[in-house]
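A quick write-up on the structure given underneath.
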Amino acid sequence: MDEALKENIYGALEQVIDPELGIDIVNLGLVYDVEMDENGTTKVTMTLTSMGCPLAPIIVDQVNAALADIPEVKEVDVDIVWSPPWSKDKMSRYAKIALGIS
């Protein structure tokens with residue numbers, strides 16, 4: 001996958017807002033990696049802010065919807081991982097400012 005396509009995918013993922021925090025999943029640091037195979041199957045490796053997050057299915061659905069408009073993406077596989085664990089250190093400067101975290 002070329003860098004422009006990867007940036008396009010990350011840009012689309014910025015439209016997925018964590019319902020609890022009101023910040024997108026990219027700036028929260030929840031998206032760890034994006035890979036695409038030769039068939040257009042796109043694997044999004046990500047985590048959630050907490051292991052028992054009841055909104056996980058909603059976020060997965062939103063990831064699928066966000067990537068549906070990218071022609072190169074034929075199928076989406078969301079892989080939710082717990083290692084490495086998420087922490088506020090993974091958040092972008094923008095997310096930290098928006099949430100009042102220093």
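Predicted model only: the values in this text are computed from it and were never measured.
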**Asked** Mind checking whether K43 and D37 have side chains closer than 4.5 Å, heavy atoms only?
**Response** no
**Request:** Using a 4.5 Å cut-off on heavy atoms from C-beta on, say whether the side chain of T45 contacts that of V34.
**Result:** no
**Prompt:** Can you check whether V44 reaches V31 side chain to side chain, under 4.5 Å on heavy atoms?
**Reply:** yes
**Message:** Please say yes or no: joined through hydrophobic side-chain contacts below 4.5 Å, possibly via intermediate residues, are I59 and L99 part of one cluster?
**Reply:** yes
**Prompt:** How many angstroms lie between OG1 in T47 and CD1 in I25, if you round to the nearest 0.5 Å?
**Reply:** 11.0 Å
**Message:** For residues 86-98, which residue pairs pass the side chain to side chain donor-acceptor pair (under 3.5 Å) check, not counting sequence neighbours?
**Reply:** N27-S92
**Asked** Quick one: does L5's side chain get under 4.5 Å of M36's, heavy atoms only?
**Response** yes
**Request:** Provide the closest heavy-atom pair for L48 versus C53 in the form atom of the first, atom of the second, distance.
**Result:** CD1-CB, 4.0 Å
**Request:** Check whether any side-chain heavy atom of M46 lies under 4.5 Å from a side-chain heavy atom of L13, and answer yes or no.
**Result:** no
**Prompt:** Partners of K6 by salt bridge (charged side-chain N to carboxylate O under 4.0 Å, His left out), sequence neighbours excluded?
**Reply:** D33
Let me check something: any side-chain donor-acceptor pairs from residues 62-84 under 3.5 Å, sequence neighbours excluded? List them with distances.
from	atom 1	to	atom 2	distance (Å)
N64	ND2	V60	O	2.9
K74	NZ	P71	O	2.8

**Message:** Going by salt bridge (charged side-chain N to carboxylate O under 4.0 Å, His left out), name the pairs with one or both residues in residues 10-23, residues two or more places apart or in two chains.
**Reply:** none
**Asked** Side chains of M91 and I23: closer than 4.5 Å at any heavy-atom pair?
**Response** no
**Message:** Between N39 and T41 (side chain of the first, backbone of the second, donor and acceptor by atom type, cut-off under 3.5 Å), is there such a pair?
**Reply:** no
**Hphob cluster co-occupancy, L55 + I17, side-chain heavy atoms under 4.5 angstrom** = no
**Asked** Residues two or more places apart in sequence or in another chain: which of them pass side chain to side chain contact (heavy atoms under 4.5 Å, CB included) with Q15?
**Response** none
